[in-house]
**Q** 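Handing you this structure, nothing more for now.
Position 1 is the first residue of the sequence, and the numbers go up from there.
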Amino acid sequence: MSHHLDSPGARQDVRLDITDLYVFRGETGTVFVMDICPSIAGEDAPRGFHPEATYEFKIDGDGDHVEDLTYRLTFGERDEAGEQDVELRRLAGAEAREVDASGAVVARGTTGQRIDADGGLRLWAGEASDPFWIEPDVLAAIGKAFADGTRADLSSWDPAGARNLFVGNRVYAVVLEVPDGDLLPVAGDDRRVGVWALTSLATDAGGRRVVNRAGHPMVHPLFTQHDGDLGDRLNVTPPADDARHFGEVVAGMVAGVVGAYGTAEDPRAYGRWVAERLFPNVLPYTVGTPAVYGFAGWNGRSLTDNAPDVMFSLATNTALTIGLGSDSVAARPTRTFPYVPPAG
């Protein structure tokens with residue numbers, strides 16, 4: 001899994017569980033996609049968007065890993081048809097970092113419907129097929145390896161029998177397409193931004209409690225399958241504090257696995273290098289360019305990038321594959337807005 005049901009806190013209410021974050025070039029601008037609420041949580045789990053939550057795309061433009069621009073979504077209660085009112089606000093500068101700031105309302109509408117706003121901004125929110133894929137046996141082996149500091153035991157796994165755990169899984173997606181002109185003043189001359197997604201919930205005492213955060217894919221499957229406390233802490237820590245809080249922990253886990261494989265002369269140094277690449281846990285993207293999350297580099301993430309193969313190989317310093325590609329998903333993404341595969 002990428003971030004599906006990634007920590008005890010996220011599992012308490014899957015409407016707040018961010019399963020994946022994608023950033024890529026769309027038809028008219030930069031597309032931000034946040035998937036939540038996986039149906040694999042079970043038929044009794046709540047569906048849709050939490051009416052007391054905020055769903056945010058955070059964008060850093062100057063490389064300090066603190067947001068300079070926030071797009072914040074809130075939703076109304078579900079009606080009899082399962083649809084919800086949705087409101088999108090844009091918060092820039094200091095307001096982007098303030099949970100109680102009002103910002104400016106830039107779009108309103110209803111889930112399941114395309115919402116066109118002034119200036120070319122487009123928004124869609126609703127149920128979709130899950131575009132992510134994972135092989136459960138490889139997933140389990142990787143999680144155990146990083147928990148124990150060993151090789152991934154795949155001795156009984158046959159790649160010919162690889163299966164996608166998420167075939168038929170549905171999610172609720174937020175798709176936001178933002179014109180370049182709204183992002184470039186934040187990005188600066190190099191057009192580079194760092195992106196993460198965040199969910200938070202209103203508290204009885206006032207204010208908001210962060211529940212889930214997503215940047216790079218596959219961080220939780222690698223390091224927190226057997227450590228729920230680490231999973232919760234990764235979700236609520238601000239990106240700028242990631243390296244200080246988690247760098248040495250993750251470096252040590254990587255060093256244990258790489259040492260078991262014998263693929264680095266200095267496993268500890270390799271572990272630190274991986275931790276430095278992953279933290280702060282922010283997805284980099286150059287505005288206006290094709291997205292690719294690949295072996296050669298990271299620039300956003302498209303709906304068809306094979307993040308498991310990339311991240312498992314990086315973290316183990318070994319060529320690993322889950323034996324699956326984007327053709328294993330139940331429905332394919334589209335080339336036109338809202339891009340996400342339709343719910344089956």
**Q** Tell me who clusters with Leu91, hydrophobic residues only, linked when side chains sit under 4.5 Å apart either directly or through other members.
**A**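 Listed partners: none, Leu91 stands alone.
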**Q** How many angstroms lie between OG1 in Thr74 and CD in Glu56, if you round to the nearest 0.5 Å?
**A**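 If I round to the nearest 0.5 Å, the distance is 10.0 Å.
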**Q** Kindly indicate, with the supporting measurements, whether the criterion side-chain contact (heavy atoms from CB on, under 4.5 Å) is fulfilled by Leu222 and Ile142.
**A** CA-CA 6 Å; Leu222 281 166; Ile142 287 288; 3.7 Å; yes
**Q** Verify side-chain contact (heavy atoms from CB on, under 4.5 Å) between Arg15 and Arg47, making sure each step is shown before the conclusion.
**A** CA-CA 6 Å; Arg15 292 175 296 180; Arg47 305 300 297 155; over 6 Å; no
**Q** Out of the candidates Asp241, Val250, Thr237, only one should pair with Phe279 under the side chain to side chain contact (heavy atoms under 4.5 Å, CB included) rule; please name it.
**A**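 Result for side chain to side chain contact (heavy atoms under 4.5 Å, CB included) with Phe279: Val250.
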**Q** Can any side-chain N or O of Glu98 pair as donor or acceptor with the backbone N or O of Asp100 at less than 3.5 Å?
**A**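 Between the backbone of Asp100 and the side chain of Glu98 there is no qualifying donor-acceptor contact (under 3.5 Å).
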**Q** Using modelled atom types and a 3.5 Å cut-off, is there a donor and acceptor pairing between side-chain atoms of Asp60 and backbone atoms of His65?
**A**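 Yes: the side chain of Asp60 pairs with the backbone of His65.
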**Q** Looking at every heavy atom in both Trp196 and Arg213, which two are closest together, and how far apart are they?
**A**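 Reported closest heavy-atom pair: CD1-CD, 3.7 Å.
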**Q** Strictly distance-based, threshold 3.5 Å: is any side-chain N or O of Asn212 a donor or acceptor partner for the main-chain N or O of Ile18?
**A**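 Present.
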**Q** Do Arg208 and Glu52 meet the salt-bridge criterion of a basic N to acidic O distance under 4.0 Å?
**A**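 So Glu52 does not pair with Arg208 through a salt bridge.
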**Q** I'd like to know whether Thr19 forms a side-chain contact (heavy atoms from CB on, under 4.5 Å) with Phe132, so could you lay out the CA-CA distance, the side-chain angles of the two residues, the decisive distance to 0.1 Å, and finally the verdict.
**A** CA-CA 9 Å; Thr19 66; Phe132 183 71; over 6 Å; no
**Q** Enter the distance from Met311:CE to Tyr293:OH here, rounded to the nearest 0.5 Å.
**A**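 It is 4.0 Å, given to the nearest 0.5 Å.
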**Q** Look only at the side chain of Lys144 and the backbone of His226, and say whether a donor-acceptor pair between them is shorter than 3.5 Å.
**A**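 No.
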**Q** Evaluate ring pair (Phe, Tyr, Trp, His ring centres under 6.0 Å) for Phe166 paired with Trp133, printing each intermediate quantity in order.
**A** CA-CA 6 Å; Phe166 293 145; Trp133 62 92; over 10 Å; no
**Q** Show, in sequence, the C-alpha distance, side-chain angles and deciding distance for Arg89 and Thr70, and conclude whether the side chain to side chain donor-acceptor pair (under 3.5 Å) test is met.
**A** CA-CA 8 Å; Arg89 291 176 179 266; Thr70 294; over 6 Å; no
**Q** Verify the distance criterion only: is there a donor paired with an acceptor across the side chains of Thr304 and Arg332 at less than 3.5 Å?
**A**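 Not at all, the side chains of Thr304 and Arg332 share no donor-acceptor pair under 3.5 Å.
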**Q** Mind listing the closest non-hydrogen atom pair of Ala141 and Asp153 along with its distance?
**A**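 Looks like CB-O, 3.7 Å.
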**Q** Counting N and O atoms only, with roles assigned by atom type, does the side chain of Arg72 sit under 3.5 Å from a partner on the main chain of Ala101, one being a donor and the other an acceptor?
**A**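 Yes.
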**Q** Locate the shortest heavy-atom distance separating Arg301 from Ala291; write the atom from each residue and the value.
**A**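 Between these two residues, the closest heavy atoms are N-CB, 3.8 Å.
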**Q** Just how far is it from atom CD1 of Ile322 to atom CH2 of Trp157, taken to the nearest 0.5 Å?
**A**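 The CD1 atom of Ile322 sits 7.5 Å away from the CH2 atom of Trp157.
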**Q** So does Gly61 get a backbone contact from the side chain of Asp68, meaning a donor-acceptor N/O pair under 3.5 Å?
**A**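 Yes.
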**Q** Would the distance check show the side chain of Asn169 and the main-chain N or O of Ser39 forming a donor-acceptor pair, the cut-off being under 3.5 Å?
**A**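 Side chain of Asn169 to backbone of Ser39, a donor-acceptor pair under 3.5 Å: yes, one is there.
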**Q** Looking only at non-hydrogen atoms, find the nearest pair between Val340 and Ala173 and report the distance.
**A**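 What the structure gives for the nearest pair is CG1-CB, 4.3 Å.
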**Q** Looking at Asp180 and Arg25, does any basic side-chain N land under 4.0 Å from a carboxylate oxygen?
**A**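 Salt bridge present between Asp180 and Arg25.
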**Q** Decide yes or no on side-chain contact (heavy atoms from CB on, under 4.5 Å) for Leu154 and Val138, but give the supporting numbers first.
**A** CA-CA 7 Å; Leu154 296 170; Val138 179; 4.1 Å; yes
**Q** Keeping to residues at least two apart or across chains, list the ring pair (Phe, Tyr, Trp, His ring centres under 6.0 Å) pairs with something in residues 313-337.
**A**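 Counting only pairs at least two positions apart or across chains, the ring pair (Phe, Tyr, Trp, His ring centres under 6.0 Å) contacts touching residues 313-337 are Phe337-Tyr339.
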**Q** What is the distance from atom NE2 of His220 to atom CG of Leu230, rounded to the nearest 0.5 Å?
**A**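 Result: 7.0 Å between the selected atoms.
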**Q** Do the side chain of Asp242 and the main chain of Leu234 share a donor and acceptor less than 3.5 angstrom apart?
**A**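 Here the side-chain-to-backbone pair does not exist.
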**Q** Determine whether a donor-acceptor pair (N or O, by modelled atom type, separation under 3.5 Å) exists between the side chain of Asp20 and the backbone of Asp35.
**A**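 Here the side-chain-to-backbone pair does not exist.
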**Q** What pair of heavy atoms forms the shortest contact from Gly120 to Thr28, and how long is it?
**A**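 Nearest pair, atom of Gly120 first, then Thr28: O-OG1, 4.5 Å.
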**Q** Compare every heavy atom of Leu121 with every heavy atom of Val106, then report the nearest pair and how far apart it is.
**A**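 Smallest interatomic distance, heavy atoms only, reads CG2-CD1, 4.4 Å.
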**Q** Under the rule for ring pair (Phe, Tyr, Trp, His ring centres under 6.0 Å), what residues qualify as partners of Phe75, not counting sequence neighbours?
**A**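 Ring pair (Phe, Tyr, Trp, His ring centres under 6.0 Å) check on Phe75 returns Phe49, Tyr55.
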**Q** Please check if the side chain of Thr150 supplies one atom and the backbone of Asp148 the other of a donor-acceptor pair under 3.5 Å.
**A**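 Absent.
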**Q** For Asp190, does the CG atom sit with more than 12 other heavy atoms under 6.0 Å from it, leaving out its own atoms?
**A**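 Atom CG in Asp190 is crowded, with more than 12 foreign heavy atoms closer than 6.0 Å.
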